[in-house]
S.K.: 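Before we start, here is the structure in question, set down as structure tokens.
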Amino acid sequence: QVQLVESGGRLQQTGGSLRLSCAASGRTFSPYAMAWFRQAPGQGRVFIAFISGSGGATRYADSVKGRFTISRDYAKNTVYLQMNSLKPEDTAVYYCAAGLFSSVTGADYNYWGQGTQVTVSS
């Protein structure tokens, strides 16, 4: 089992920045691909970014490319999502997920956090 706990979500103004963290515990962190998804009110959960188990590969949704950066710290068993140039449409609950391989599909991830709310005011 892998337990994931997100933090860092809060109210931010348009154009501002936030850094989300996802702390992992339980099984060894390093083999797992890690991803961020988000879910806006009334919408489904959508892929934002993933980073491979080795950290050598990343991928982003077109909507956040160039603004968001995913990274991981193996010593701290933590994955981060640096979010810059925030827009009101970035408002959502952000979830981190862990899986055995990198994927843009939520069903491919085995473990999920409880989510952290990001609200961007216009």
Side-chain angles (χ1 to χ4, degrees):
Q1 285 280 8
V2 175
Q3 292 79 42
L4 303 173
V5 179
E6 302 97 334
S7 61
R10 63 176 176 87
L11 176 64
Q12 179 60 283
Q13 293 184 335
T14 295
S17 297
L18 285 175
R19 189 177 80 159
L20 304 184
S21 300
C22 174
S25 61
R27 288 191 173 184
T28 304
F29 175 65
S30 58
Y32 288 93
M34 302 295 296
W36 288 95
F37 289 75
R38 69 186 182 190
Q39 186 169 17
Q43 299 183 22
R45 195 173 299 186
V46 298
F47 168 78
I48 296 300
F50 71 59
I51 185 166
S52 64
S54 69
T58 58
R59 183 171 174 178
Y60 299 90
D62 288 343
S63 60
V64 305
K65 201 171 295 182
R67 299 189 298 123
F68 291 10
T69 302
I70 189 171
S71 61
R72 63 193 298 167
D73 184 330
Y74 292 94
K76 296 182 178 180
N77 286 350
T78 299
V79 64
Y80 303 99
L81 185 69
Q82 178 67 43
M83 306 188 296
N84 299 328
S85 302
L86 284 164
K87 305 175 181 179
E89 50 263 45
D90 294 320
T91 295
V93 177
Y94 284 71
Y95 298 89
C96 72
L100 295 178
F101 58 92
S102 304
S103 172
V104 302
T105 304
D108 290 331
Y109 290 88
N110 306 96
Y111 305 102
W112 291 84
Q114 82 290 346
T116 186
Q117 176 71 47
V118 172
T119 304
V120 183
S121 62
S122 57

S.K.: Measuring only between side-chain heavy atoms, which start at C-beta, is Leu20 closer than 4.5 Å to Arg38?
M.R.: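 A side-chain contact under 4.5 Å is absent here.
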
S.K.: Quick one: closest heavy-atom pair of Ser54 and Tyr74, and the distance?
M.R.: C-OH, 2.9 Å

S.K.: Over 60° means perpendicular and under 30° means parallel, so classify the ring planes of Phe50 and Phe47, tilted if in between.
M.R.: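 Rings of Phe47 and Phe50: tilted, 30 to 60°.
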
S.K.: I'd like to check Arg67 versus Asp90 (side-chain heavy atoms, cut-off strictly below 4.5 Å). Are they in contact?
M.R.: yes

S.K.: Please check if the number of heavy atoms outside Arg59 that lie under 6.0 Å from its CZ is greater than 12.
M.R.: no

S.K.: Can you see which heavy atom on Gln117 is nearest to which on Thr119, and at what distance?
M.R.: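 Smallest heavy-atom distance, with atoms named: NE2-OG1, 3.3 Å.
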
S.K.: Once rounded to the nearest 0.5 Å, what's the spacing between atom CD1 of Ile48 and atom CD of Gln39?
M.R.: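 The distance works out to 11.5 Å.
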
S.K.: Run the numbers on Phe68 and Trp36 for side-chain contact (heavy atoms from CB on, under 4.5 Å), then give the verdict.
M.R.: CA-CA 11 Å; Phe68 291 10; Trp36 288 95; over 6 Å; no

S.K.: Atom CD1 of Ile70 and atom CD of Gln82: how far apart are they, to the nearest 0.5 Å?
M.R.: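 CD of Gln82 is found 12.0 Å from CD1 of Ile70.
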
S.K.: Spell out, yes or no, whether Val93 and Leu86 are grouped together once hydrophobic residues are joined by side-chain heavy atoms under 4.5 Å, including indirect joins.
M.R.: no

S.K.: Which heavy atom in Gly113 sits nearest to a heavy atom in Tyr95, and how many Å separate them?
M.R.: O-CD2, 3.6 Å

S.K.: Would you compute the distance between atom CE of Met83 and atom OG1 of Thr69 and round it to the nearest 0.5 angstrom?
M.R.: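 Rounded to the nearest 0.5 Å, the CE-OG1 separation comes to 11.0 Å.
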
S.K.: Taking side chain as C-beta onward, heavy atoms only, is Asn77 less than 4.5 Å from Ser25?
M.R.: no

S.K.: Closer than 3.5 angstrom, by distance alone: can the side chain of Ser103 be matched with the main-chain N or O of Thr105 as a donor-acceptor pair?
M.R.: yes

S.K.: Side-chain heavy atoms nearer than 4.5 Å, only ILVMFWY residues, links allowed to pass through others: does that put Met34 and Tyr111 together?
M.R.: yes

S.K.: Can you tell me how far the OG atom of Ser122 sits from the NZ atom of Lys87, to the nearest 0.5 Å?
M.R.: 14.0 Å

S.K.: Checking one residue: Tyr80. Which other hydrophobic residues are in its cluster under the side-chain 4.5 Å linking rule?
M.R.: none

S.K.: Mind checking the CZ-OG spacing from Arg19 to Ser71? Nearest 0.5 Å is all I need.
M.R.: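 Atom-to-atom, Arg19:CZ and Ser71:OG are 7.0 Å apart.
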
S.K.: Any side-chain heavy atom of Asn84 within less than 4.5 Å of one from Ser17?
M.R.: yes

S.K.: Would you give the length of the straight line joining atom CZ of Phe101 to atom CG of Asn110, rounded to the nearest 0.5 angstrom?
M.R.: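 These two atoms lie 8.0 Å from each other.
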
S.K.: Going hydrophobic residue to hydrophobic residue with side-chain gaps under 4.5 angstrom, can you get from Ile51 over to Phe37?
M.R.: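 No, no single cluster joins them.
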
S.K.: Please assess Glu89 against Val120 for the test side-chain contact (heavy atoms from CB on, under 4.5 Å), listing each intermediate value before the final yes or no.
M.R.: CA-CA 8 Å; Glu89 50 263 45; Val120 183; over 6 Å; no

S.K.: Check the hydrophobic clustering (I, L, V, M, F, W, Y; side-chain heavy atoms under 4.5 Å; chains of links allowed) and say if Tyr32 and Val104 are grouped together.
M.R.: no

S.K.: Do Val79 and Leu18 sit in the same hydrophobic cluster, where Ile, Leu, Val, Met, Phe, Trp and Tyr count as joined when their side-chain heavy atoms come under 4.5 Å apart?
M.R.: yes

S.K.: For residues Glu6 and Tyr94, determine if any side-chain heavy atom of one lies less than 4.5 Å from a side-chain heavy atom of the other.
M.R.: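 No, too far: nothing below the 4.5 Å cut-off.
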
S.K.: Would you name the heavy atoms of Thr78 and Ser21 that are closest together and state the gap between them?
M.R.: CG2-CB, 4.2 Å

